[in-house]
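Comments concern the structure below.
The figures that follow rest on heavy atoms only: side chains count, while hydrogens, waters and symmetry mates do not.
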Amino acid sequence: MTTAKELIEYMESLHDDEQRFNLMRFFKTGPGDYGEGDEFLGIKVPQTRQVVKHVSRDCPLSEVPELLMSRWHEVRLCGFLLLVEQFERLSTKRLEHDTQAIRKRDEIVLLYLQYAERANNWDLVDLSAYKILGHWLMQPTLLGGTEAGLHTDYKRQVLDELAASSCLWKQRMSIVCTWYTSHHDAPTWCLRYAEMHLHHQHDLMHKAVGWMLREMGKVASTDLLRDFLHQHAHEMPRTMLRYAIEQLSDEERKYWLKPLNP
């Protein structure tokens, strides 16, 4: 299987009607829900990962857009995971500063951004954003300059545009990708986009921001998390706050959850 058509036909052959209905309920595909209208084959994530593992070295990047445009949720996931596999293969220590590898990584990032709206549910975002965008934030790039470098201003502009988008899934990408940066000693990315999304109206963003703040505090700096809470706990949505303080002691969690805490 080296073409999108072959991959789609194979994945369609794996369909499971009972699992399909379970997934449609789980991912809120009903009228008015955040996943309204999404269609599933009923394939579990480990099965999709096996497909990706089998074809990732042979399926060219040019075939991925057809997967990302598929009506099927699992086929789109396959497309995004293929981008992840190819990006990670180009991101080893040996290739990190290799010009050809940098160009190919940049090509993957641009493709990911071009089809970002096709990651139209939280799992598609969460399984791809930090491994592509988050990793890219920490690597040299040719985007934003004529020579390879970090080009932080350009990268910040890319994430700012995602954060300011009217698309919920692009907004989620801008914060979830910071899981990677927080785990690699760059917590300011998380703090920037947590603050930007502080007053977001959607529960999925409350959970995502709180989750990323919790991770940042756990692996980077609990003091930075506390500083953020001192500034913003009084205005954070309750769900966001609860997620953010999950790793703190019982006593400290009670402190932050007090209403109108000074």
L137/L159 under side-chain contact (heavy atoms from CB on, under 4.5 Å): CA gap, chis, key distance, verdict: CA-CA 10 Å; L137 292 176; L159 260 63; 3.8 Å; yes

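- Remark: T29 OG1 to M24 CE distance equals 4.0 Å, nearest 0.5 Å.
- The only member of T181, D160, T178, T188 that meets side-chain hydrogen bond (donor to acceptor under 3.5 Å, both in side chains) when paired with Y193 is D160.
- The two atoms that bring S165 and K170 nearest to each other are OG-CD, 3.5 Å, heavy atoms only.
- The shortest non-hydrogen separation linking D153 to R156 is OD1-NH1, 3.0 Å.
- Using cut-offs of 30° and 60° for the angle between ring planes, the W122 and F27 rings count as tilted.
- Going from atom NE2 of H135 over to atom OG of S91 covers 4.5 Å, rounded to the nearest 0.5 Å.
- Judged by distance alone, the side chain of R105 and the main-chain N or O of E96 form a donor-acceptor pair under 3.5 Å.
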Verdict with supporting geometry, F228 and E195, side-chain contact (heavy atoms from CB on, under 4.5 Å): CA-CA 9 Å; F228 188 92; E195 192 166 33; 4.2 Å; yes

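- Cluster annotation: L111 is connected to M69 through the hydrophobic network of ILVMFWY side chains, with a link wherever side-chain heavy atoms come within less than 4.5 Å.
- The distance from atom CD of E74 to atom CG of L67, rounded to the nearest 0.5 Å, is 13.0 Å.
- Across G42 and Q19, no two heavy atoms sit closer than the pair O-CG, 3.2 Å.
- Counting only N and O atoms by type, the side chains of H197 and S174 include a donor and acceptor under 3.5 Å apart.
- A donor atom on one side chain and an acceptor atom on the other are not found under 3.5 Å apart for E12 and H15.
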Criterion ring pair (Phe, Tyr, Trp, His ring centres under 6.0 Å) on Y112 and F80, from CA distance to verdict: CA-CA 8 Å; Y112 185 74; F80 283 115; 5.7 Å; yes

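- Of all heavy-atom pairs spanning P187 and S182, the tightest one is CA-OG, 4.2 Å.
- Looking only at side-chain heavy atoms (C-beta outward), I108 and L61 come within less than 4.5 Å of each other.
- Distance alone, capped at 3.5 Å, is enough to place a donor-acceptor pair between the R118 side chain and the S70 backbone.
- One finds no salt bridge joining K254 and D250 here, because no Lys/Arg side-chain nitrogen approaches an Asp/Glu carboxylate oxygen to under 4.0 Å.
- Under the 30°/60° scheme for interplanar angles, the aromatic rings of W136 and Y154 are found to stand perpendicular.
- Looking only at side-chain heavy atoms (C-beta outward), Q86 and K104 stay at 4.5 Å or farther from each other.
- Between the side chains of D106 and T141, at least one donor N or O lies within less than 3.5 Å of an accepting N or O.
- With contacts defined as side-chain heavy-atom distances shorter than 4.5 Å, the pair M212/W179 qualifies.
- When side chains are defined from C-beta on, E246 does not count as touching W211, because their heavy atoms never get closer than 4.5 Å.
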side-chain contact (heavy atoms from CB on, under 4.5 Å) evaluation trace for L113 with V109: CA-CA 6 Å; L113 293 170; V109 167; 4.0 Å; yes

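- A salt bridge links E9 to K5: one of the charged nitrogens lies within less than 4.0 Å of a carboxylate oxygen.
- Between L241 and W256, the closest heavy-atom pair is CD2-O, 3.6 Å.
- Here the OG1-CG distance, from T99 to L142, works out to 6.5 Å after rounding to the nearest 0.5 Å.
- Using a 4.0 Å cut-off between charged side-chain N and carboxylate O, R76 and D38 make a salt bridge.
- At least one side-chain heavy atom of M11 sits under 4.5 Å from a side-chain heavy atom of L41.
- The local environment of CD in Q201 is sparse, with at most 12 non-hydrogen atoms from other residues, nucleotides or ligands closer than 6.0 Å.
- Judged by distance alone, the side chain of Q247 and the main-chain N or O of R214 form no donor-acceptor pair under 3.5 Å.
- Here the OH-NZ distance, from Y180 to K131, works out to 10.5 Å after rounding to the nearest 0.5 Å.
- Residue L83 is not grouped with residue L95 when hydrophobic side chains (ILVMFWY) are merged at heavy-atom distances under 4.5 angstrom, including chains of intermediate members.
- Put simply, the side chain of E66 does not reach to within 4.5 Å of the side chain of L7, judged on heavy atoms.
- Contact check for S221 versus D223: side-chain heavy atoms found under the 4.5 Å cut-off.
- Between V158 and L143, every side-chain heavy-atom pair lies at or beyond the 4.5 Å cut-off.
- Hydrophobic clustering (side-chain heavy atoms under 4.5 Å, transitive across Ile, Leu, Val, Met, Phe, Trp, Tyr) groups L198 together with V176.
- Linking ILVMFWY residues whenever their side-chain heavy atoms come closer than 4.5 Å, directly or via other members, leaves L229 and V219 in distinct clusters.
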K155 and W189: CA distance, side-chain angles, deciding distance, side-chain contact (heavy atoms from CB on, under 4.5 Å) verdict: CA-CA 10 Å; K155 292 173 179 176; W189 290 101; 4.0 Å; yes

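- Rounded to the nearest 0.5 Å, atoms CG (N121) and CD (E36) are 12.0 Å apart.
- By the rule that hydrophobic residues join a cluster once side-chain heavy atoms approach within less than 4.5 Å of another member, L110 and M173 end up as members of one cluster.
- Here the closest non-hydrogen pair linking H151 and A148 is NE2-C, 4.2 Å.
- The residues K44 and D16 are annotated as not salt-bridged, no charged nitrogen and carboxylate oxygen being separated by less than 4.0 angstrom.
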